Amino acid sequence: MSNAQPFSLDTELAETAGWEDALDPTDADAASTRASAEDDDFESGYAGDEPHDLVDASGEDPEEVDPTTGAMELAERHQLRRVASLRTELEDITEVEYRQLRLERVVLVGVWTSGSAQDAENSMAELALLAETAGSEVLEALYQRRTSPDPATYIGRGKTDALKEIVAVTGADTVICDGELAPSQLRNLEDRLKVKVVDRTALILDIFAQHAKSREGQAQVELAQLQYMKQRLRGWGGNLSRQAGGRVAGGAGIGGRGPGETKIETDRRRINTKIAKLHRDLRQMKVTRDAKRSERRRREVPSVAIAGYTNAGKSSLLNRLTSAGVLVEDALFATLDPTTRRTTTADGRVYTMSDTVGFVRHLPHQLIEAFRSTLEEVADADLILHVVDGSHPDPEGQLSAVRAVLADVDASDVPELVVVNKADAADPLVLARLQANEPHLVVVSAKTGQGIAEALAVIESELPRPAVQFKVLLPYERGDLLNKLHQGGEIDSLEHTAEGSVVVGRATEQLAGELAPYALDAAPA
């Protein structure tokens with residue numbers, strides 16, 4: 001026997017008669033009832049609908065403020081950060097593709113062959129910053145005092161056994177060595193430690209590959225990676241020493257040269273082919289860069305190059321001096337692609353200021369060769385702003401490391417102005433020591449603006465001055481020539497007369513030729 005009540009449509013409709021009144025937004029009682037029913041801790045995802053909520057602390061509407069290129073790149077880079085404790089690779093590290101760089105939980109290893117213990121600690125601290133910039137988590141670090149690295153395992157058999165225990169206890173999956181390892185050293189360490197081993201060169205190349213944005217920068221990094229990889233090809237269990245299979249070309253497989261060619265030979269040949277293609281592409285890009293550079297030379301526009309150690313604040317200084325809006329991040333090698341901005345002196349003369357790639361101790365030779373066309377901007381500059389991190393424990397070491405690279409690209413003869421940055425965080429004793437050792441030096445803080453006006457005054461005084469003196473009477477309809485004098489020359493005196501403007505000053509040879517028809521007499525000596 002069923003207990004269900006008989007269904008009646010009229011009865012059901014009668015029960016819903018008051019629902020519309022309860023949902024009426026004009027009903028104050030219903031509105032208060034709904035508000036009291038909501039959770040007090042609930043916060044709407046549409047908070048900020050009122051006009052005053054959409055205004056930030058600066059009093060400007062964020063929708064109306066155009067972000068700089070550097071701000072957008074920094075936001076994009078942070079969105080792609082690796083998430084800690086997530087593993088997407090195989091647990092057996094020996095089965096991971098050899099050319100893929102895995103940096104998640106690492107142990108740092110160094111060999112101290114010369115210098116003081118403080119130098120060794122500074123080098124290891126820099127290696128830790130490099131590893132963190134690449135997206136890894138540093139678990140432990142150790143270094144060893146030796147006259148020279150062990151030719152077999154870099155750190156010797158005893159230290160290798162101790163390192164193996166550290167790796168097992170910490171659960172690290174990568175070991176980073178503070179030096180460039182030979183292929184045999186990499187193989188021996190991986191065989192004994194059973195984890196991935198990476199040297200300093202591969203680590204820097206990985207950071208460059210992450211941060212390169214422009215087409216030329218990506219090609220330069222790929223070229224350096226291939227040059228590094230070519231000498232370190234190997235497989236597991238003799239994989240690359242086997243002959244290629246297949247029935248094409250007499251058993252050599254597709255793309256092979258016939259019977260007898262091993263897999264490692266095929267891979268090395270393909271790498272050489274790719275390297276040759278990258279060289280051709282970079283030569284074509286260099287033509288474009290040289291054309292822009294020759295145009296500036298033709299117009300005799302002075303150029304200033306900002307060089308220095310990585311993370312010394314070069315991009316911040318460029319933003320402060322020219323409002324360039326380039327990416328700024330507290331990380332090593334945050335910006336790689338050179339940026340050139342046009343700016344003017346206080347008296348209106350036009351010059352360019354270029355930011356370059358940062359340097360580091362033991363910068364891989366492959367990178368210097370690959371980025372040579374970019375570093376030529378420094379060699380062709382009229383003045384180098386050598387930026388140094390005043391808050392670094394060893395600023396003198398930064399100076400010597402950068403000057404060694406500048407010598408490699410034939411930029412030693414370019415006039416240099418040492419700019420000690422981060423003065424707000426630097427030790428006054430360190431600043432005093434640098435000022436005593438470097439006669440041509442200014443102290444600034446790109447963050448607070450301290451010393452920027454003094455630095456600009458020194459830069460303007462160091463720019464090349466026009467060599468040709470002139471005294472001309474310019475008709476008033478030739479205001480274009482007067483504008484060129486303001487931008488590319490120096491005006492000592494300017495007098496407006498009934499016939500025109502009498503101008504005395506200095507100009508470039510090209511501009512002096514345009515002024516020749518209006519010359520009055522010989523300029524004063």
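Quick note: numbers below take in every heavy atom, side chains included, and nothing from hydrogens, waters or symmetry partners. Nothing here was measured: the structure is a model prediction, and the numbers come from that model.
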What is the distance from atom CG of Asp119 to atom OG of Ser114, rounded to the nearest 0.5 Å? 8.0 Å
Restricting to non-hydrogen atoms, name the atom on Ser315 and the atom on Asp355 that form the minimum distance, rounded to 0.1 Å. OG-OD2, 2.9 Å
Does the side-chain hydrogen bond (donor to acceptor under 3.5 Å, both in side chains) test come out yes or no for Asp389 and Ser391, once each step is laid out? CA-CA 5 Å; Asp389 184 357; Ser391 63; 2.7 Å; yes
Side-chain (Asn437) to main-chain (Arg433) donor-acceptor, under 3.5 angstrom: yes
What closest approach, in Å, do Pro395 and Val430 show between heavy atoms, and which atom pair accounts for it? CG-CG1, 3.8 Å
Test log, rule side-chain contact (heavy atoms from CB on, under 4.5 Å), inputs Val387 and Ile306: CA-CA 7 Å; Val387 184; Ile306 303 177; 3.6 Å; yes
Closest non-hydrogen atom pair, Ala128 against Val138: O-CG2, 4.0 Å
Grab the two heavy atoms, one from Ala307 and one from Lys314, that are nearest each other, plus how far apart they are. C-CD, 3.6 Å
For Tyr143 and Ala120, which heavy atoms make the closest approach, and how far apart are they? CE1-CB, 4.0 Å
Testing Thr153, Val197, Asp191 for side-chain contact (heavy atoms from CB on, under 4.5 Å) with Leu186, which one passes? Val197
Stepwise, does the side-chain contact (heavy atoms from CB on, under 4.5 Å) test hold for Gln220 with Glu216? CA-CA 6 Å; Gln220 289 168 331; Glu216 182 176 9; 3.6 Å; yes
Check the pair Thr170, Ile166 against side-chain contact (heavy atoms from CB on, under 4.5 Å), reporting the backbone distance first and the verdict last. CA-CA 6 Å; Thr170 59; Ile166 294 176; 4.2 Å; yes
Are there over 12 heavy-atom neighbours, none belonging to Arg146, within less than 6.0 Å of that residue's CZ? yes
When rounded to the nearest 0.5 angstrom, what distance separates CG in Leu317 from OG1 in Thr322? 9.0 Å
Tell me, do Val287 and Gln284 make a side-chain contact under 4.5 Å, heavy atoms counted? no
Rounded to the nearest 0.5 Å, what's the gap from CG on Leu456 to CD on Glu460? Could you check? 6.0 Å
Report the C-alpha separation of Asn122 and Gln118 in whole Å, then their side-chain angles, then the decisive distance to 0.1 Å, and conclude whether the side-chain hydrogen bond (donor to acceptor under 3.5 Å, both in side chains) test is met. CA-CA 6 Å; Asn122 291 339; Gln118 184 64 36; 3.1 Å; yes
Applying side-chain hydrogen bond (donor to acceptor under 3.5 Å, both in side chains), can you list everything that pairs with Ser412, at least two apart in sequence or on another chain? none
State the CG-CG distance between Leu434 and Leu429, to the nearest 0.5 angstrom. 11.0 Å
Only one of Val388, Val420, Val418 clears side-chain contact (heavy atoms from CB on, under 4.5 Å) with Glu438; which? Val418
One thing to verify: whether Arg105 and Asp173 come together as a salt bridge, which I'm taking to mean a side-chain N less than 4.0 angstrom from a carboxylate O. no
Any chance you could measure Ile155, atom CD1, to Gln185, atom CD, to the nearest 0.5 Å? 10.5 Å
Does the side chain of Arg341 come within less than 4.5 Å of Thr352's, by heavy atoms? no
Are more than 12 heavy atoms from other residues, nucleotides or ligands located less than 6.0 Å from atom CZ of Arg215? no
Between Tyr154 and Asp178, is there a side-chain donor-acceptor contact under 3.5 Å, judged purely by atom types and distance? no
Evaluate Leu139 against Leu108 for side-chain contact (heavy atoms from CB on, under 4.5 Å), listing each step before the verdict. CA-CA 8 Å; Leu139 303 178; Leu108 309 181; over 6 Å; no
Assess whether a salt bridge exists between Asp161 and Arg157, defined as any Lys/Arg side-chain N lying under 4.0 Å from an Asp/Glu carboxylate O. no
Hey, which of Glu416, His386, Glu462 is the one that makes side-chain hydrogen bond (donor to acceptor under 3.5 Å, both in side chains) with His440? Glu462
Rounded to the nearest 0.5 Å, what separates atom CG in Asp199 from atom CG in Leu181? 4.5 Å
Nearest heavy atoms of Pro302 and Val350, plus distance in Å: CD-O, 3.4 Å
Taking 4.0 angstrom as the limit, do Arg200 and Glu126 come out as a salt bridge? yes
